[in-house]
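The structure under discussion appears below in the form of structure tokens.
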Amino acid sequence: IEHLARLIRSCGNARDLRQAQRLNCAIHGRGIDRRHGSYLSNLLVEMYGKCGSAADSFAVFQRARDRNLYSWNMMLQAFAVNGDLSSAKNLFDRMPQKDVVSWTAIMAALAANGRLNEASLLFDSLPCPNLVSRNVMLAAYAKAGHLESAWKAFNAMGERSVASWTSMIQPLAELGKVEVAQQIYDRTPMWNVITSTSMLAAYTQSGNFDMALEAFDSMPEINVVTCTVMISCYAACFQIEEALKVFDSMLERNVVTWTEMVHAYADLGHLEEAKLLFYQMPCWTLVPWNVMLLAYAMAGHLEDAKLMFETSPSRSVFSWTAMIQAYSCRGDFAQAEDILLCKIPMMDVVAANTMLATYTLAGCTDKAERLFETMPVRD
RNA sequence: AGGCCUACAAACCGU
């Protein structure tokens, strides 16, 4: 049974939906999940959530014979991480009991969807906040760039964990304050591989590639994320050979690692290599599809872009925006605008701005103005 | 009865 549990967990961690479905069939088909209380069904609910399918999670949840607080919290989390806040709230309201984990999961989901105020209000109403719920709020402030509030929350904490310290690093780098991030990193009383990888990412994202290399060389412990960051670091300084060296030397790779390598090839203009690697991926998320789609779009390969769009398992606003670019690059403004105004099921400000920029750059001021007037969202 | 499995920090996509 522990063997099965391990299999389920590793499948969730690999984000491999196909494998998840196979496992679920094998387990449920033999009725194994019915014989072990809520343990296995809980793990299956979690697995599907991680693989991006809240619907499959819910199916398992509903057919489960025994449900405990863990089951409800895992289902809640499955909805939350997949961006289905309304289902999460619905479930939350129907929970027979709730604990601080349930509240914290909702808070984190609100914050992740840009609803910081609601998260903050919820936090203030928590009957008994703990270290994790405080960390969630802290990280939410930090990521939103509300450094004052973040520091206030940080300083108010009676007890801190590695996560509390690590949460302060990344946002500083994003605001161009790498030195401050480094000062915190140097002063941290506790750190682990995540902390040092955050610092590495901070250097990479701020363009301090030499610092990144130095940091990497002196890291006492690395993992798959660390190496993936190094691939993006080498890609950012146009060292495709070095990026590939890291990729080839990795003992463990996940879907992000693969995506990053495909992205590196695509970004540096090696479309054929990108394509080869893309089709070799052991499993996909939507991101690599969009990476390939955009690469083709920007290279003017409209037919290839269309093919990616049509064959991808699903489409997000990223995919649609890439198609706007694909048509724009070919000068087919009518098709591009048709996508924006008629076809996108989820238009946002970036998609609209993309079209606007196309018109502006092409000197079609009249069309740009007309579009601007009718844009449902502006920034 | 208790334990196990759930919430927090690092890497990938569009103007």
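Chain letters run A, B, ... following the sequence lines, proteins first, then strands; residues in each count from 1.
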With heavy atoms under 4.0 Å as the rule, sort [X] into base, sugar-phosphate or nothing.
X	value
Val262(A)	nothing
Val229(A)	sugar-phosphate
Val256(A)	base
Ala322(A)	nothing
Ala163(A)	base
Thr228(A)	base
Asn254(A)	base
Ala352(A)	nothing
Ser167(A)	sugar-phosphate
Val136(A)	sugar-phosphate
Thr259(A)	base

Salt bridge check, [Y] against [X]: does any charged N sit closer than 4.0 Å to a carboxylate O?
X	Y	result
Lys50(A)	Glu46(A)	yes
Arg330(A)	Glu303(A)	no
Arg63(A)	Asp33(A)	yes

Whole-Å distance separating the [atom1] atom of [X] from the [atom2] atom of [N]:
X	N	atom1	atom2	answer
Asp99(A)	C8(B)	CG	P	13 Å
Asn290(A)	C13(B)	CG	C1'	5 Å
Met199(A)	A9(B)	CE	P	19 Å
Leu138(A)	A10(B)	CG	P	11 Å
Leu69(A)	U6(B)	CG	C1'	8 Å
Ile339(A)	U15(B)	CD1	P	15 Å
Asp267(A)	G14(B)	CG	P	8 Å
Arg15(A)	A11(B)	CZ	P	14 Å

Pairs touching residues 233-257 of chain A that satisfy side chain to side chain donor-acceptor pair (under 3.5 Å), sequence neighbours left out:
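Sorted result for residues 233-257 of chain A: Thr228(A)-Thr257(A), Glu242(A)-Lys245(A), Asn254(A)-Thr257(A).
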Tell me which nucleotide among [options] gets nearest to the side chain of [X].
X	options	result
Ala139(A)	A11(B), C8(B), G14(B)	C8(B)
Asp348(A)	C13(B), G14(B), A9(B)	G14(B)
Val317(A)	A10(B), G14(B), C13(B)	G14(B)

Would a 4.5 Å heavy-atom cut-off, applied to side chains only, mark Ser328(A) and Ile324(A) as touching?
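Sidechains of Ile324(A) and Ser328(A): in contact.
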Reckon Gln77(A) has a side-chain N or O less than 4.0 Å from the OP1 or OP2 of C8(B)?
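Result: yes.
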Would you say Lys143(A) reaches A9(B)'s phosphate, i.e. side-chain N/O to OP1/OP2 under 4.0 Å?
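Yes, Lys143(A) has a side-chain N/O under 4.0 Å of OP1/OP2 on A9(B).
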Quick check with a 6.0 Å cut-off and a 45 degree axis cone: is Lys98(A) positioned over the face of Phe92(A)'s six-membered ring?
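Yes, Lys98(A) and Phe92(A) form such a contact.
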Should the side chain of [X] and the base of [N] be counted as holding a donor-acceptor pair, with the cut-off at 3.5 Å?
X	N	value
Asn353(A)	G14(B)	no
Asn223(A)	A10(B)	yes
Thr166(A)	A9(B)	yes

Any idea how His146(A) and Tyr141(A) line up, ring-wise: parallel (<30°), tilted (30 to 60°), or perpendicular (>60°)?
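His146(A) vs Tyr141(A) ring planes: parallel.
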When the ring planes of His301(A) and Tyr296(A) are compared, do they come out parallel, tilted or perpendicular, using 30° and 60° as the limits?
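Aromatic pair His301(A)/Tyr296(A) classed parallel.
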Set out, line by line, the N/O atom pairs under 3.5 Å between protein and nucleotides 2-5 of chain B.
| from | atom 1 | to | atom 2 | distance (Å) |
| --- | --- | --- | --- | --- |
| C5(B) | O2 | Asn42(A) | ND2 | 3.4 |

Looking at Phe278(A) versus Trp258(A), is the centre-to-centre ring distance below 6.0 Å?
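Here the rings of Trp258(A) and Phe278(A) have centres that are no less than 6.0 Å from each other.
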